Enquirer: 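What follows is a single structure, and I will ask about it in a moment.
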Amino acid sequence: MTKNEVIELVKSGRLRGFLPPEMAQYEVNVEQMGSYTGIVLVNPEQKSAAYPVERLQFINSEEEVAELLAGSMNRFIQAAPQGNIDIEGLREKLSSYEAAKPYIFMDAVSHNYSNDRAVVYEKNGMKFVPKLMVSNGTQERSVSAIPKEWLLRQGISEERLIQDAISNTANVTSVSINSMSDIFSNMNADFEISAMPETMLVVTNANKTGGASLILDDNVRQRVSELYGGNDFFVIPSSIHEVITLPVGNNILNSAGTFSPFQPDSETLQSIMEMVSEVNETLDDEEILGYSVSIYDADKHELEKGTEYCINKQIDKVRNLRINELKEMGEIQPDIKPDNDNPKL
């Protein structure tokens, strides 16, 4: 079916014959929001609110399309029964990129997330999606992935969208950085708080939903580094809702029951990744952020893969040792002058 045929299917009322009885109270309309056309379910008791359900782009038969839409609507209602959205406000936000920009942010998604219609940004085995904040309450929020098709019509590149989303996330969702021990203390959890390093921090957003994306913002990373005295730090993918950080060189309780330095080496990374795997086994698949550990280099302002960071530090260590050796040799043989930028290893 073409887009116009699907619109006619909805407006004629024939689609209602495929809807379950519990959805009979909803009006089914077609809404144009900027260049984005979709079907919405409107609660008659709340004329200003609606549920965005589905884009109009199908090639199936009328019966297949109707069954697909009905199933999609039903799943949406079951998953988000309170997700009322101001359609007028959504239409205004999608009227242009500049109108939408203040509401665009980066949302963390599952490591195996796949959506051909949305822009997906990958970083160190983690995935993030630029989204539009439709409404943001204290207990719940309504968001929508930015469609590639809409972005193309606005003449905006995916690279610009990604950068705008990253830089705007803290403004849209707010930043929450708290120590793990404080969080468990407030929860009155049955946990040995003394065994937890005070420097283990949790980075998330105000709603504690999709907040792991804040670690993409270098301003947020610098705030964490400042709390660690300007040091580099590990980034542990706890879930899509938050990341856990720990400064490089911090003392942490090991398997022997004693505290030892938490150093950036292959053994440490392996132990952390094993811990991450164990935690991920307790999560629903859609909440798993990833399995790899990252490390933030505060001087370079870069979030690197843990393995690459360790290799680079080892190279720097050997390089510095070689520079010192050449300098000492230069004291004995003045004609030998090391090149600080490119020492001969």
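Hydrogens, waters and symmetry mates play no part in the numbers below; they use all other heavy atoms, side chains included. Owing to the predicted nature of the structure, the values given are computational and were not obtained by experimental measurement.
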Enquirer: Say whether, by atom type as modelled, one donor and one acceptor occur between the side chain of Ser277 and the main chain of Met273 under 3.5 angstrom.
Expert: yes
Enquirer: Does Thr173 use its side chain to pair, donor to acceptor, with the backbone of Ala170 at less than 3.5 Å?
Expert: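 No: the side chain of Thr173 does not pair with the backbone of Ala170.
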Enquirer: Suppose the criterion is ring-ring contact (aromatic ring centres under 6.0 Å, His included): which pairs have a residue in residues 207-228, not counting sequence neighbours?
Expert: Tyr228-Phe233
Enquirer: CZ/Arg223 to CG/Asp218 distance, rounded to the nearest 0.5 angstrom?
Expert: 12.5 Å
Enquirer: Go through the steps for Leu303 and Lys123 under the test side-chain contact (heavy atoms from CB on, under 4.5 Å), then give the verdict.
Expert: CA-CA 9 Å; Leu303 184 64; Lys123 182 69 174 180; 4.2 Å; yes
Enquirer: Among all residues two or more places apart in sequence or in another chain, which pass the side chain to side chain donor-acceptor pair (under 3.5 Å) test with Glu281?
Expert: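 Counting only residues at least two positions away or on another chain, Glu281 forms no side chain to side chain donor-acceptor pair (under 3.5 Å).
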Enquirer: Over all heavy atoms of both residues, which pair between Pro102 and Val172 is shortest? Give the atoms and the distance, please.
Expert: O-CG2, 3.5 Å
Enquirer: Could you state whether Ile240 and Leu214 fall into the same hydrophobic cluster, counting links through intermediate Ile, Leu, Val, Met, Phe, Trp or Tyr residues with side-chain heavy atoms under 4.5 angstrom apart?
Expert: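 Ile240 and Leu214: one cluster.
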Enquirer: Ignoring hydrogens, what is the shortest heavy-atom contact between Ile162 and Pro130? Give both atom names and the distance.
Expert: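 Nearest pair, atom of Ile162 first, then Pro130: CG1-CG, 4.4 Å.
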Enquirer: Within this structure, what is the CG-CD distance for the pair Leu269 and Glu274, rounded to the nearest 0.5 Å?
Expert: 11.0 Å
Enquirer: Are Asp164 and Tyr97 close enough that a side-chain donor and a side-chain acceptor fall under 3.5 Å?
Expert: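 Yes, because at least one side-chain N or O of Asp164 sits under 3.5 Å from a partner of the opposite role on Tyr97.
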Enquirer: Please report the shortest heavy-atom distance between Met126 and Pro237, naming the atom on each side.
Expert: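 Heavy-atom minimum between the residues: SD-CB, 4.4 Å.
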Enquirer: Would you sort out whether Glu242 and Val203 count as a side-chain contact (heavy atoms from CB on, under 4.5 Å), showing the intermediate values?
Expert: CA-CA 6 Å; Glu242 73 284 312; Val203 179; over 6 Å; no
Enquirer: Taking atom CG of Asp297 and atom CG of Asp299, what is their separation to the nearest 0.5 Å?
Expert: 5.5 Å
Enquirer: Verify the cluster assignment for Ile146 and Val120: are they in a single hydrophobic cluster under the rule of side-chain heavy atoms below 4.5 Å apart?
Expert: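 No, because Ile146 and Val120 fall into different hydrophobic clusters, even though each may have its own neighbours under 4.5 Å.
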Enquirer: Ser144 versus Lys131: any side-chain heavy-atom pair under 4.5 Å?
Expert: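 A side-chain contact is absent here, since even the closest heavy-atom pair is not under 4.5 Å.
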Enquirer: Does the side chain of Asn178 come under 3.5 Å of the side chain of Ser176 through a donor N or O and an acceptor N or O?
Expert: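 Short answer, yes.
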Enquirer: Decide yes or no on side-chain contact (heavy atoms from CB on, under 4.5 Å) for Arg117 and Glu149, but give the supporting numbers first.
Expert: CA-CA 7 Å; Arg117 300 174 180 174; Glu149 183 179 293; over 6 Å; no
Enquirer: Please tabulate, one pair per line, all N/O donor-acceptor pairs under 3.5 Å involving side-chain atoms of residues 286-295, not counting sequence neighbours.
Expert:
unit_1 : atom_1 : unit_2 : atom_2 : d
Glu287 : OE2    : His241 : NE2    : 3.3
Ser294 : OG     : Asn124 : ND2    : 3.0

Enquirer: Under 3.5 Å, side chain of Arg221 to main-chain N/O of Ile215, donor-acceptor pair present?
Expert: yes
Enquirer: Is it the case that one hydrophobic cluster holds both Leu94 and Leu151, taking links as side-chain heavy atoms less than 4.5 Å apart, direct or via other members?
Expert: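 Yes.
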Enquirer: With Leu201, which of Ile177, Leu246, Ile244, Val243 fulfils side chain to side chain contact (heavy atoms under 4.5 Å, CB included)?
Expert: Ile177
Enquirer: Are Tyr103 and Val129 connected in the hydrophobic side-chain network, where two residues link if heavy atoms are under 4.5 Å apart?
Expert: no
Enquirer: Under the side-chain contact (heavy atoms from CB on, under 4.5 Å) rule, what do Val248 and Tyr296 come out as? Steps first, then yes or no, please.
Expert: CA-CA 9 Å; Val248 170; Tyr296 178 63; over 6 Å; no
Enquirer: Mark yes when over 12 heavy atoms from residues, nucleotides or ligands other than Lys208 sit less than 6.0 Å from its NZ; otherwise mark no.
Expert: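 Atom NZ in Lys208 is packed in, count exceeds 12.
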Enquirer: In Å and rounded to the nearest 0.5 Å, what is the OG1 to CG distance from Thr169 to Asn205?
Expert: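 The distance works out to 9.0 Å.
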Enquirer: Looking only at atom types and distance, does a side-chain atom of Ser95 sit under 3.5 Å from a main-chain N or O of Glu92, one as donor and one as acceptor?
Expert: yes
Enquirer: Within the side chain of Lys127, is there an N or O that forms a donor-acceptor pair under 3.5 Å with the backbone of Tyr113?
Expert: yes
Enquirer: Using 30° and 60° as the class limits, which term best fits the ring planes of Phe128 and Tyr121: parallel, tilted or perpendicular?
Expert: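 Tilted.
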Enquirer: Nearest 0.5 angstrom please: Leu132 CG to Lys93 NZ, how far?
Expert: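 Answer for the CG-NZ pair, Leu132 versus Lys93, is 6.0 Å.
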Enquirer: Are Ile156 and Ile104 linked, directly or through intermediate hydrophobic residues, by side-chain heavy-atom contacts shorter than 4.5 Å (ILVMFWY only)?
Expert: yes
Enquirer: I need the Ser213 OG to Ile166 CD1 distance, nearest 0.5 Å.
Expert: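 The CD1 atom of Ile166 is 9.0 Å from OG of Ser213, to the nearest 0.5 Å.
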Enquirer: Considering all heavy atoms of both residues, which atom of Ala298 and which atom of Gly230 are nearest to each other, and what is their separation?
Expert: CB-O, 3.6 Å
